[in-house]
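Okay, structure first, notes after.
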Amino acid sequence: MTKFSALSLLANAFSGHRNWPEQWPDKEPKPAYDVIVVGAGGHGLACAYYLAKEHGIRNVAVIDKGWLGGGNTGRNTTIIRSNYLYDESAKLYDHALDLWDGLSQELNYNVMYSQRGVMMLAHTTGDVQSFKRHIHANRLNGVDNAWLTPEEAKAYCPPLSIDPRARYPILGAALQRRAGTARHDAVAWGYARAATKLGVDIIQNCPVTAIRRGPDGAVTGVETARGFIAAKKVAVSAAGHTSVVMESAGVRLPLESFPLQALVSEPVKPVIPCVVMSNTVHAYISQSDKGELVIGSGTDQYTSYSQRGGLPLIEHTVAAICEIFPLFNRMRMLRKWGGIVDVTPDRSAILGKTPVTGLYVNCGWGTGGFKATPGAGHTLAWTVARDEPHAANAPFTLERFTTGRLIDEAAAAAVAH
Ligand SMILES: Cc1cc2nc3c(=O)[nH]c(=O)nc-3n(C[C@H](O)[C@H](O)[C@H](O)COP(=O)(O)OP(=O)(O)OC[C@H]3O[C@@H](n4cnc5c(N)ncnc54)[C@H](O)[C@@H]3O)c2cc1C
């Protein structure tokens with residue numbers, strides 16, 4: 001496989017860029033693998049890459065019912081940050097942030113990781129107290145996060161309106177400078193290409209219809225649209241459809257699947273230099289490299305598997321954005337879409353072993369799992385390879401819903417992107 005470099009770019013320029021090799025072959029499944037990963041989103045592909053690279057397990061298949069990166073990985077608004085309240089979350093998301101640094105070099109693929117800063121606006125006394133608590137907790141965990149006055153917030157993001165007469169005036173903001181965005185599908189493509197290079201098979205358009213178990217209860221493989229494929233280890237990383245896949249193995253998960261929407265405006269010249277989030281009015285915004293304003297909100301109110309959502313939520317979100325940024329009042333919106341997000345009762349992920357021997361799960365990332373992609377894949381690969389958790393994912397067990405050791409980021413922050 002060609003290494004991307006200035007030299008290979010120049011060499012291919014002479015042939016009009018017609019001779020670039022295929023980035024990853026579309027494989028037919030083999031009868032058996034050492035490990036099968038269900039779901040070729042960023043998490044599943046990253047898991048396969050780290051299995052091959054760090055644990056020497058290369059006889060791996062990543063199977064997807066659609067095309068790779070066609071799930072939430074290709075539908076999200078790409079906010080990356082690690083300023084979560086609880087020690088467990090800060091550790092896991094910061095592990096991911098460490099891997100984001102240098103990911104483009106690691107994969108030899110430009111994932112366009114941009115540390116432009118994520119600013120979270122405080123509109124009420126409750127917000128101010130909560131964000132300051134987050135900042136202190138983050139500092140104790142070595143996670144950067146700083147308090148800004150309204151004037152400092154405006155200096156960092158000039159189009160912000162800090163008019164004190166607003167319905168939700170800005171009383172200050174928490175800023176994580178190391179946070180930012182990345183190009184979502186480049187992350188999936190980069191991991192896919194790098195994993196393929198190490199021998200991983202990526203099988204697309206092949207729904208997994210059931211997980212099979214032997215008489216001793218252990219996993220024996222998966223049933224797919226192209227027949228049975230054997231494997232002693234199966235890792236399910238199917239986001240909003242995880243509960244459906246896991247049910248076929250007899251494992252019930254505390255998950256609800258909701259549509260989550262996003263939308264983009266017509267492209268304009270660079271206007272927003274960072275990501276701005278507002279939990280109180282439930283809207284957030286950044287600008288893509290194409291110039292579109294990328295806008296997102298909270299989940300729809302109802303559970304559903306349709307990849308679209310209700311218009312009232314979009315209207316509410318756009319109204320909130322216009323109040324924070326009055327200069328966007330006359331912008332036209334270009335398109336909207338939805339993804340199905342998997343939400344746990346405490347809004348934290350489930351990442352680890354299951355009661356079934358050989359079956360592992362990575363889910364419950366809800367509205368905020370893109371930022372975790374390298375960390376989730378890395379710790380899932382560790383858990384699958386060694387049959388024990390990595391220190392970063394050890395608290396994110398399924399058992400916490402029976403023992404009560406919840407990691408309640410839902411109560412800590414109203415929004416979790
Ligand atoms: C609109 C929106 C905005 C978001 N914004 C952010 C954000 O700003 N920041 C952030 O951190 N996170 C965000 N998220 C959440 C984030 O996108 C997800 O948490 C993350 O991408 C999950 O990655 P994944 O690889 O686990 O899932 P996916 O990318 O969804 O991959 C799962 C794959 O499993 C496949 N699959 C499902 N069922 C089967 C089956 N039976 N057989 C085979 N394959 C199957 C699917 O086709 C899919 O490709 C957002 C999500 C949405 C929808």
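First listed ligand is number 1; within each ligand, the first listed atom is number 1.
Residue Gly39 approaches ligand 1 through these ligand atoms, each under 4.0 Å from one of its heavy atoms: 33 (C), 34 (O), 35 (C). Residue contact check: Pro207 has heavy atoms under 4.0 Å from atoms 42 (N) of ligand 1.
Heavy atoms of Thr78 found under 4.0 angstrom from ligand 1 belong exclusively to the backbone. The part of Val245 lying near ligand 1 is the side chain, judged by heavy-atom distances below 4.0 Å. When non-hydrogen atoms are compared, ligand 1 lies under 4.0 Å from the backbone of Ile63 (N, CA, C, O) but not from its side chain.
The nearest non-hydrogen atom to atom 12 (N) of ligand 1, considering only Phe370, Tyr284, Tyr93, comes from Phe370. In the candidate list Gly309, Gly338, Ala238, Pro259, Ala238 is nearest to atom 37 (C) of ligand 1, counting heavy atoms. Summarising the contacts of atom 38 (N) of ligand 1 with Arg75, His241, Gln261, the nearest heavy atom is found in His241.
Judged by the 6.0 Å and 45° rule, Arg386 forms a cation-pi pair with Trp382.
Salt bridge annotation for Glu266-Arg332: present, with a cationic side-chain nitrogen under 4.0 angstrom from a carboxylate oxygen. Arg139 has no carboxylate O lying under 4.0 Å from a charged side-chain N of Asp144, or vice versa, which leaves the two without a salt bridge.
In this structure, OG on Ser304 lies 10.5 Å from CZ on Phe258, to the nearest 0.5 angstrom.
Using the six-membered ring where Trp is involved, His95 and His378 have ring planes that are tilted, between 30° and 60° apart.
For the pair His316 (side chain) and Val281 (backbone), a donor-acceptor distance under 3.5 Å is present.
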